[in-house]
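Only heavy atoms go into these numbers, but all of them, side chains included; no hydrogens, no water, no symmetry mates. Order of appearance sets the numbers: ligands from 1, and atoms from 1 within every ligand.
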Amino acid sequence: MRTPFQETSEALFLTSGYAYEAPEEAEARFKGEAEGYQYSRFGNPTVTMFEQRMAALEGAPVARATASGMAAVTATFLSALRVGDHVVAAKAMFGSCRHVIEEILPRFGIQSTLVDGGDIGQWAAAMRPGTRMLFLETPSNPTLAIVDMKAVAKIARDGGARLVVDNAFATPVLQRPMEFGADIVIHSATKYIDGQGRALGGVILCKEDFLKDHLQSFIRNTGPSISPFNAWIHLKSLETLDLRMRAHCEAAATVADFLAEQKNVTRVLYPFRPDHPQHNLACAQMEGGGGVVAFEVRGGKAGAFKVGNALKLIDISNNLGDAKSLITHPETTTHQKLTPAARAELGVTSGLLRLSVGLEDPADLCDDLAQALAAA
Ligand SMILES: *Cc1c(COP(=O)(O)O)cnc(C)c1O
């Protein structure tokens, strides 16, 4: 979408409102009889450009951008679900998604069942007549567990429910869940889509009917809308998404192989390593293993903290998908609120570290990890 200036870089329309030539035109736009923007809570040209490009990348009919990934998740649930409805979700998911499902949805009379995402029998057994949505994240945070999207999509379809996939870890470059039967795809654009750790954002990709029947009026009236400035950052970042994801995958694979050779490392989890428990499924669904590697060091929490304290190049941060490599100790940060039993179920052990491999030279990252593991 170009302005008459014929700019090569997409324009940033940092505006809240739009002027009308005449009151008749305003009336027509409010009635939906004339095309055009009315207010940036409902829509904005820069935001539209970002949404259209995300839809093209995912192969989705339509997209709506939101202020954050969590705004996208929450809007998806609350726009469509009502009292008495039921949700089935894979246990291994982003902490805030679990909070929304377990703490917020029940206040509106929406119940849920959490299942082991890798056990298809559990998905089928959890279905009830009132089940309206199935929610999963693949690969999951932090242990990179893979869920068979085709199998879960069939269960959703047979039960008259929609399958929602959180695609933040893979991005549309590595995985397009709609090709496997997902009805709705959600992104935290904050992660790899921005890719440089600057701006929050989220995206919901869906079919026309979901947008028209649920999402459109929910976003318009409740306001989880993205700032045009943040949408512009994400839009510009899409130009390098493919290149960046390839580089993240290549570096992460190198770092994962390196870690697997280290004597203080007891376990490495990376979807494209043959020793990943769901390696074949990962290869069937993804075009690359992604940028995140999880690994377990000797000595539990103390061992993991020693590694963290000794790292020089790799920063300690719970964010991921940045050009800078970031490491976190899930037990004490992202998964701190879970009970020890829930953590054990997900494989979040005391010695586990999650490394988001950035775009630095992988040899430098391996050197940093080697000296930190030696110091520990
Ligand atoms: C970060 C993240 C979210 C939440 O996104 P925000 O942009 O931080 O609100 C949701 N799901 C996954 C898998 C994430 O990594």
Side-chain angles (χ1 to χ4, degrees), residues 47 50 54 58 63-78 87 89-105 114 117 133-147 149 163-175 177 182 184-205 219 223-227 229-231 233-234 237 245 248 252 269 271 285-286 290-294 317-322 326-328 330 333-338 346 348 354-358:
V47 175
F50 174 49
M54 281 301 301
E58 279 284 358
R64 280 294 175 274
T66 55
S68 67
M70 286 320 303
V73 171
T74 309
T76 300
F77 286 135
L78 291 183
V87 173
K91 267 175 213 156
M93 69 179 126
F94 188 71
S96 292
C97 296
R98 192 150 168 171
H99 179 87
V100 169
I101 289 172
E102 290 197 294
E103 307 294 331
I104 297 178
L105 295 186
L114 297 189
M133 275 189 190
L134 276 61
F135 181 85
L136 64 90
E137 185 185 314
T138 182
S140 73
N141 181 27
T143 56
L144 307 167
I146 311 290
V147 181
M149 290 185 281
L163 171 60
V164 184
V165 175
D166 182 337
N167 202 24
F169 270 52
T171 81
V173 171
L174 304 180
Q175 174 173 276
I184 297 167
V185 176
I186 288 173
H187 283 281
S188 167
T190 316
K191 311 292 167 53
Y192 289 105
I193 290 171
D194 174 5
Q196 288 147 91
R198 301 165 298 188
L200 294 178
V203 188
I204 304 160
L205 299 119
I219 290 182
S225 324
I226 191 169
S227 147
F229 182 73
N230 284 10
I233 288 175
H234 297 311
S237 287
M245 290 315 292
H248 280 297
L269 290 163
Q285 294 187 163
M286 303 173 72
V292 178
V293 180
S317 170
N318 51 285
N319 194 15
L320 64 95
D322 198 323
L326 305 172
I327 199 163
T328 194
T333 59
T334 54
H335 291 66
Q336 190 203 128
K337 289 212 180 89
L338 294 183
L346 298 180
V348 178
R354 185 196 73 193
L355 174 62
S356 170
V357 179

request  = Could I get the full list of ring-ring contact (aromatic ring centres under 6.0 Å, His included) partners for F94, not counting sequence neighbours?
outcome  =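 Partners of F94 under the ring-ring contact (aromatic ring centres under 6.0 Å, His included) test: none.
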inquiry  = Suppose we screen for ring-ring contact (aromatic ring centres under 6.0 Å, His included). Which residues come up paired with F50, at least two apart in sequence or across chains?
reply    = H234
request  = Would you check if there is a donor-acceptor pair between the side chains of R198 and S237 at a distance under 3.5 Å?
outcome  = yes
key: Donor-acceptor pair, side chain of H248 and main chain of V357, under 3.5 angstrom   =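 Indeed, once roles are kept as given, a pair shorter than 3.5 Å links the two residues.
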query = With no hydrogens and no angle check, is any side-chain donor or acceptor of N167 less than 3.5 Å from a backbone partner on Q175?
reply = yes
inquiry  = Holding to salt bridge (charged side-chain N to carboxylate O under 4.0 Å, His left out), I want the full list of residues that pass it with K191, two or more places apart in sequence or in another chain.
reply    =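 Checked K191 against salt bridge (charged side-chain N to carboxylate O under 4.0 Å, His left out); zero matches.
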Short N or O contacts of ligand 1 with protein, under 3.5 Å, listed by atom name?
residue	atom	partner	partner atom	Å
ligand 1	5 (O)	S188	OG	3.0
ligand 1	7 (O)	G69	N	2.8
ligand 1	7 (O)	S188	OG	2.8
ligand 1	7 (O)	T190	OG1	2.6
ligand 1	9 (O)	G69	N	3.1
ligand 1	9 (O)	M70	N	2.8
ligand 1	11 (N)	D166	OD2	2.6
ligand 1	15 (O)	K191	NZ	2.7

